[in-house]
Amino acid sequence: MIKLIASDMDGTLLDANMQIPEKNVAAIKYAQTQGVEFMVATGRNRFEALPSLKEAGIDCAMITLNGAQVFDKAGNSMFMEPIDVETADKVLDLLEKEDIYCEISTNKGTFSQSKERRIENFATIVAEAMPHLTRKMAIAMSTARLEFLPIHFVDSIREVMHQEDIIVLKIICFHRDGAAFLSPAARIVDESFENLFVTSSGQNNLEINHRLAQKGIAVAHIAKERGISLDEVMTIGDNLNDVSMIQTAGVSFAMDNGLPEVKEYAKYTTDTNVASGVGQAIYRSIEENL
């Protein structure tokens, strides 16, 4: 019987409007009445993840930044897997040589040096998710999203990460040309830093974490702490940063809109994120005793 469910957010729990469909909400609340714990496992930081959850009335523990920081239901930080500042500096040196736009996610939020480049990159992501939109409409939506996903714009992210109270948890990179441009950079980082893990949550980004900051490692840690067998854990996701938790759980689902690689690793496939695939998977897992 399933006792713990961990779900990705973007492309999985959330629909195209970055909201949690009512059918997903109903399924999550049903699971909770059955004694099943629900939690999100996201590449977002906690501040970015909270609005959608609060709007849906879902109160849960969170694996954030791909497993770099985990919070309990009350919002207390349980543990972190940071990137040391010296390593972060070297990574930024490599990426800046390639003119790759970067942000840093920290214990104090996410920081960027360029509002214009962030909007430009997010507009590309929005345009791919909603091909019916014009470029102008995609930019307008990306600008509006800045209010929904809080970020700090600063003159120098390097100066920020050298402050004593700042802990670097993730470096995220974007490029409008996607994998064709980012894949070589990913290989360089992966080969140059054995203590780092490089993954992606979309075609146009790279996400760089400490090697121990992976969703699967975090899920296993929480399950062990709860006294739950991994056979009693269900995970669900759509992209490369979900693979580790898909591999870890006894019951795993890939979204129908997910990457082929994710579907290969998952035991089951569910419907798309816009068709409430998470809700369908939750009901199936509980009712069929997967």
Side-chain angles (χ1 to χ4, degrees), residues 9-10 42-51 62-71 75-125 142-176 181-182 185-186 188-190 192-202 204-215 218 241:
M9 291 189 73
D10 294 279
T42 178
R44 298 184 183 207
N45 65 38
R46 185 170 182 270
F47 302 110
E48 293 172 336
L50 271 174
M62 297 185 195
I63 296 169
T64 67
L65 301 171
N66 294 333
Q69 188 167 24
V70 177
F71 295 89
N76 301 308
S77 179
M78 295 170 61
F79 61 87
M80 291 189 289
E81 293 291 352
I83 301 171
D84 67 84
V85 176
E86 183 180 349
T87 299
D89 263 325
K90 291 178 180 176
V91 171
L92 291 179
D93 285 341
L94 284 172
L95 297 172
E96 286 173 2
K97 275 185 188 175
E98 302 298 325
D99 192 33
I100 294 174
Y101 166 75
C102 301
E103 299 172 358
I104 56 168
S105 291
T106 75
N107 60 319
K108 301 291 185 180
T110 300
F111 294 84
S112 166
Q113 290 178 180
S114 174
K115 186 174 184 178
E116 292 74 19
R117 291 190 74 176
R118 177 170 235 256
I119 290 172
E120 176 189 332
N121 282 286
F122 270 87
T124 300
I125 294 170
S142 300
T143 303
R145 196 179 177 200
L146 289 179
E147 312 245 336
F148 187 69
L149 300 177
I151 186 168
H152 307 289
F153 292 102
V154 295
D155 293 332
S156 171
I157 58 176
R158 289 181 189 260
E159 286 183 12
V160 169
M161 69 188 194
H162 280 273
Q163 294 173 11
E164 287 187 8
D165 61 339
I166 292 291
I167 300 171
V168 180
L169 296 167
K170 183 173 81 166
I171 299 170
I172 184 167
C173 321
F174 297 94
H175 199 281
R176 65 184 303 167
F181 197 92
L182 292 172
I188 292 172
V189 172
D190 193 47
S192 303
F193 303 95
E194 62 180 17
N195 64 328
L196 297 182
F197 183 75
V198 184
T199 187
S200 170
S201 61
N204 298 292
N205 74 24
L206 289 181
E207 300 187 356
I208 302 167
N209 289 94
H210 188 281
R211 187 159 289 279
L212 295 178
Q214 299 182 45
K215 291 183 182 183
N241 63 336

>> If we count only N and O atoms by modelled type, under 3.5 Å, do the side chains of Thr110 and Ser105 hold a donor and an acceptor together?
In response: yes
> Of the options Asp89, Ile83, Ile167, which is the one that meets Met161 in a side-chain contact (heavy atoms from CB on, under 4.5 Å)?
Replying inline: Asp89
>> If I take atom OH from residue Tyr101 and atom CD1 from residue Ile172, how far apart are they, to the nearest 0.5 angstrom?
In response: 9.0 Å
> So, does Asn209 use its side chain to make a donor-acceptor pair with the main chain of Leu65 at under 3.5 Å?
Replying inline: yes
> Is the closest side-chain heavy-atom distance between His162 and Val85 below 4.5 Å?
Replying inline: yes
>> Measuring from atom CG of Leu94 to atom CZ of Phe193, what distance do you get when rounded to the nearest 0.5 angstrom?
In response: 5.0 Å
>> Looking at every non-hydrogen atom in both residues, tell me the closest pair between Cys102 and Leu95 and how far apart they are.
In response: SG-CD1, 3.4 Å
> Heavy atoms, side chains only, cut-off 4.5 Å: are Val154 and Ser112 in contact?
Replying inline: no
>> Checking the side chain of Asn204 only, and the main-chain atoms of Leu182 only, is there a donor and an acceptor separated by less than 3.5 Å?
In response: no
>> Looking at every heavy atom in both Gly43 and Lys170, which two are closest together, and how far apart are they?
In response: O-NZ, 2.6 Å
>> Phe111: which residues meet the ring-ring contact (aromatic ring centres under 6.0 Å, His included) condition with it, sequence neighbours left out?
In response: His152
> Between Gln113 and Asp155, do the side chains contain an N or O donor and an N or O acceptor separated by less than 3.5 Å?
Replying inline: no
> Would a 4.5 Å heavy-atom cut-off, applied to side chains only, mark Leu196 and Val91 as touching?
Replying inline: yes
>> In the structure I gave you, are the side-chain heavy atoms of His210 and Leu169 within less than 4.5 Å of one another anywhere?
In response: no
> How close do Phe71 and Met78 get, heavy atom to heavy atom, and via which atoms?
Replying inline: C-SD, 3.8 Å
> For Ile188 and Ser192, which heavy atoms make the closest approach, and how far apart are they?
Replying inline: O-OG, 2.6 Å
> Under 4.5 Å between any side-chain heavy atoms of Asn195 and Asp84, yes or no?
Replying inline: yes
>> Quick check for you: to the nearest 0.5 Å, what is the distance between Asn66 atom CG and Asn45 atom CG?
In response: 11.5 Å
> Which atom names give the shortest non-hydrogen contact between Ile166 and Val160, and what distance separates them?
Replying inline: CG1-O, 3.3 Å
> Could you give the distance from CD1 (Ile100) to CG (Leu206), rounded to the nearest 0.5 Å?
Replying inline: 6.5 Å
> With a 4.5 Å heavy-atom cut-off, do Glu207 and Asn205 have their side chains touching?
Replying inline: yes
> Taking C-beta and beyond as the side chain, do Ile157 and Leu92 meet within less than 4.5 Å on heavy atoms?
Replying inline: yes
>> Does any part of the side chain of Cys173, heavy atoms only, come nearer than 4.5 Å to the side chain of Ile208, both counted from C-beta?
In response: yes
>> Does this structure show an ion pair linking Arg158 with Glu96, if we count only N-O contacts that are shorter than 4.0 Å?
In response: yes
>> Restricting to salt bridge (charged side-chain N to carboxylate O under 4.0 Å, His left out), what partner residues turn up for Lys108, sequence neighbours left out?
In response: none
> Nearest 0.5 Å, what's the CD1-NZ distance between Ile63 and Lys215?
Replying inline: 8.5 Å
> About how many Å separate CZ of Arg46 and CD of Gln69, when rounded to the nearest 0.5 Å?
Replying inline: 9.0 Å
>> Distance to the ring centre below 6.0 angstrom and angle to the axis at most 45 degrees; does that hold for Arg211 and Phe197?
In response: no
